[in-house]
Amino acid sequence: MSEAIVEINYDDLIPNNIDLSNDARLKKALERWQPKFLEWWKEAGPDKTRDMEVYLRTAVGVDPKGWAKFGHVKMADYRWGILLAPQVEGRTIPFGKHKGEPVWQEVPGEYRALLRRLLVVQGDTEPASVEQQRYLSATAPSLYDMRNLFQVNVEEGRHLWAMVYLLVKYFGRDGREEAEGLLERRSADTDKPRILGAFNEETPSWLSFFMFTFFTDRDGKMQLEALAKSGFDPLSRTCRFMVTEEAHHMFVGETGVGRIIQRTCEAMRTASISDFSDIESVRALGVIDLPTLQKKVNFHASVTHDLFGNELSTNAATAFTAGIKGRFSETRQEDNHVLREDVYPVERVVDRQIVIEQEPALNALNSRLLDDFIKDASGGVKRWNKIISKCGIDFEINLPHKGFNRKIGIFSENHISPKGEVLSGDSWLGNRSEYLCSESDDTYIQSLMKACHEPGKYANWIAEPRIGIDNKPGDFEYVKIN
Ligand SMILES: [Fe+2]
Ligand SMILES: [Fe+2]
């Protein structure tokens, strides 16, 4: 049973379904933060877009069957709301030492610091990705893609609101300070960088953007799914609704890369090139060769793997036992949800060999979440490979081994090839340009990034989508540039 679905009122200064008008203290704090957020959006959000009218989906409720409406919105007028999934009556804590107890509606004192840190780290990623994508619209390969970029951007902005709501409502003065901090750090800033590495990397091209949404937004999805199981009910409700929006980000990534692959394969077929390694001939067609796509996969997958943190982590064990952060598929697991006696297989390097060792399951929760991520991503890769094989080209894109190119975790001291071979530092470096893009690969990709802003037209290196957003026809003007 759940409470009635509340429609969102967009006449409110801060649209919401949390009955904000009856919480004067929270309302005041958020209204103070709002102008700073808008200032940040202007300064660090999508560049030169304020006059554009974009066909966006806006959340109007949280009913899974109809939570959004579509329409052209002037970017400068976009409104961010606070939305929580409905409260589930009688919900109990699904895991950890409090399993079976009623969920918390307030922050338990003993877990305050832990929760605050989790909210800040999650919250920090949301504005970071918007900053990373700030300049992409200038080189959008179509209006359709430009619209999708903005859709992702505004929703990441809303996800920041979601975390700020929790911080400000439940963490008093500390929470308000953290909310300010979230607007002060900047992606790749030398003095005040974003907290996690992948969010300080550049997103210089649309290929990077699609890979980012495929891999890095998927990390976001995994983290949110784990937090959606939380015994702290407001966090659970917040994350459940965020995950709903995240599905579109995965879609943008998977179909974006898929359309690039399709275009490359079609161009190769038309030109009767069957040898994928003939990079010069493929590039002469103005498309992105498959080996370069593989290198981008290697990069974005490995940088994203680092986001899962140390494979073996006592912090993760603490958060689980406390009932704060669960597993990806917690409610579908058929174990006791306490894991005190359980083990989990973890890969590591011993004597220059990758071996599997059984570790206490509680300590291995990050490792498990990473494995769940890899499984989730491999479905998309399979669909990419279908596009290639349908065109009769003998090439397969593979996810790199999880130990490849790691800066964090149990592989960070090792040199692992994408295939999972343990190498010496020298031979890894010697092969680096086979694993990751070289400067000339990047220069080539960058040379393709030119705007294609005519309705219904697409840049030469990417195929058009099979269906339009909201079933719109091919020449629909998703963005009125004005
Ligand atoms: Fe997000
Ligand atoms: Fe996202």
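Note that ligands are numbered from 1 as they come in the structure, with each ligand's atoms numbered from 1 the same way.
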Residues Asp47 and Arg134 bridged, charged N to O under 4.0 Å: yes

Using 30° and 60° as the class boundaries, would you call the ring planes of Phe373 and Phe215 parallel, tilted or perpendicular? tilted

Under the 6.0 Å and 45° cation-pi test, does Arg218 pair with Phe214? yes

Side-chain contact test, heavy atoms from C-beta onward, threshold under 4.5 Å: evaluate it for Phe404 versus Leu436 and give yes or no. yes

In Å, rounded to the nearest 0.5 Å, how long is the span from CD of Glu311 to CG of Leu365? 12.5 Å

Could you pull out the N/O/S protein atoms under 2.8 Å of the Fe ion (ligand 2), ignoring any water? Glu156 OE2, Asp217 OD2, Glu246 OE2, His249 ND1

Quick one: does any side-chain atom of Thr213 pair with a main-chain N or O of Phe210 as donor and acceptor, under 3.5 Å? yes

